[in-house]
Amino acid sequence: TMNIVTVKLGDKFDSGFVNRVYEMCKRNITQDFKFFCYTDNMKGIHPDIHIIVHQEMHLRPYFYKLYMLELFDEGILLDLDVVIQNNIDWLSY
């Protein structure tokens, strides 16, 4: 199973960005995957997205992305402004 991870902290991106990345993954991944979002505000996020609740560690925002990768043996970190146009199954190899 492929693990896809996103990080949404603060007000720069709303839940629509998380949901769009999830929908793009659904369209462009043919294998089983789990979609995770590390966030301080889960309002409006699709119910099929696994929420990881933000724990304040007094880090700069970009370090939380590195922290997310530590939680998974294997995972793909996607920014919320990414556009996925084709199959990305190959990223899990």
Side-chain angles (χ1 to χ4, degrees):
T1 301
M2 183 188 299
N3 292 316
I4 308 292
V5 183
T6 60
V7 175
K8 183 186 94 58
L9 295 174
D11 298 329
K12 183 173 181 181
F13 297 99
D14 62 26
S15 61
F17 283 86
V18 178
N19 296 337
R20 277 189 287 279
V21 174
Y22 173 67
E23 292 298 328
M24 286 186 278
C25 287
K26 282 179 36 178
R27 285 192 302 273
N28 292 290
I29 298 174
T30 60
Q31 60 186 288
D32 290 336
F33 74 93
K34 290 184 181 176
F35 194 96
F36 298 87
C37 181
Y38 180 78
T39 186
D40 56 355
N41 181 0
M42 63 186 78
K43 182 180 176 184
I45 294 177
H46 192 284
D48 290 340
I49 296 173
H50 302 275
I51 301 296
I52 303 170
V53 178
H54 170 61
Q55 296 177 9
E56 182 62 53
M57 292 180 274
H58 305 288
L59 300 174
R60 293 181 187 244
Y62 47 85
F63 283 116
Y64 287 102
K65 292 179 182 181
L66 296 175
Y67 171 68
M68 283 298 94
L69 291 178
E70 283 187 14
L71 294 180
F72 297 92
D73 289 334
E74 294 182 4
I76 300 166
L77 179 68
L78 295 176
D79 284 335
L80 294 177
D81 57 356
V82 71
V83 175
I84 303 168
Q85 296 180 328
N86 297 300
N87 185 285
I88 60 170
D89 288 344
W90 60 274
L91 289 175
S92 68
Y93 297 106

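Positions are given from 1 along the sequence.
- Residues V83 and M24 come closest through the heavy atom pair CA-SD, 3.8 Å.
- With values rounded to the nearest 0.5 angstrom, I51 atom CD1 is found 4.0 Å from I45 atom CD1.
- The salt bridge (Lys or Arg N to Asp or Glu O under 4.0 Å) pairs that include a residue from residues 27-48 number zero, where partners must be two or more places apart or lie in different chains.
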Verdict with supporting geometry, Y22 and T6, side chain to side chain contact (heavy atoms under 4.5 Å, CB included): CA-CA 9 Å; Y22 173 67; T6 60; over 6 Å; no
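- Closest non-hydrogen pair, S92 versus I76, comes out as N-CD1, 4.3 Å.
- Side-chain contact between V18 and H46 is absent, with no heavy-atom pair separated by less than 4.5 Å.
- Under the rule for a side chain to side chain contact (heavy atoms under 4.5 Å, CB included), D11 has no partner lying at least two apart in sequence or in another chain.
- Formation of a donor-acceptor pair under 3.5 Å by the N28 side chain with backbone atoms of I88 is not found in this model.
- Residue E56 qualifies as enclosed at atom CD: its count of foreign heavy atoms under 6.0 Å is above 12.
- Taking the six-membered ring for Trp, H54 and Y64 have ring centres closer than 6.0 Å.
- Between the side chain of N19 and the backbone N or O of G44, at least one donor-acceptor pair lies under 3.5 Å.
- Across all non-hydrogen atoms, the minimal contact from V82 to V21 is CG1-CG2, 4.1 Å.
- Note that CD1 of I52 is 11.0 Å distant from CE of M42, once rounded to the nearest 0.5 Å.
- Atoms CG and CZ, from D89 and F33 in turn, are 10.0 Å apart once rounded to the nearest 0.5 Å.
- Atom CG of L9 is separated from atom NZ of K65 by 9.5 Å, given to the nearest 0.5 angstrom.
- Remark: the backbone N or O of V53 is not paired with any side-chain donor or acceptor of T39 at under 3.5 angstrom.
- Between the CD1 atom of I84 and the CD1 atom of I29 there is a distance of 6.5 Å, given to the nearest 0.5 Å.
- The salt bridge (Lys or Arg N to Asp or Glu O under 4.0 Å) test applied to K26 returns E23, not counting sequence neighbours.
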Residues M57, Y67; criterion side chain to side chain contact (heavy atoms under 4.5 Å, CB included); working and verdict: CA-CA 10 Å; M57 292 180 274; Y67 171 68; 3.5 Å; yes
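- Residue I4 is tested with I49, L78, L77 for a side chain to side chain contact (heavy atoms under 4.5 Å, CB included); the sole match is L78.
- Annotation for F36 and N3: closest pair CE1-OD1, 3.5 Å, computed over non-hydrogen atoms.
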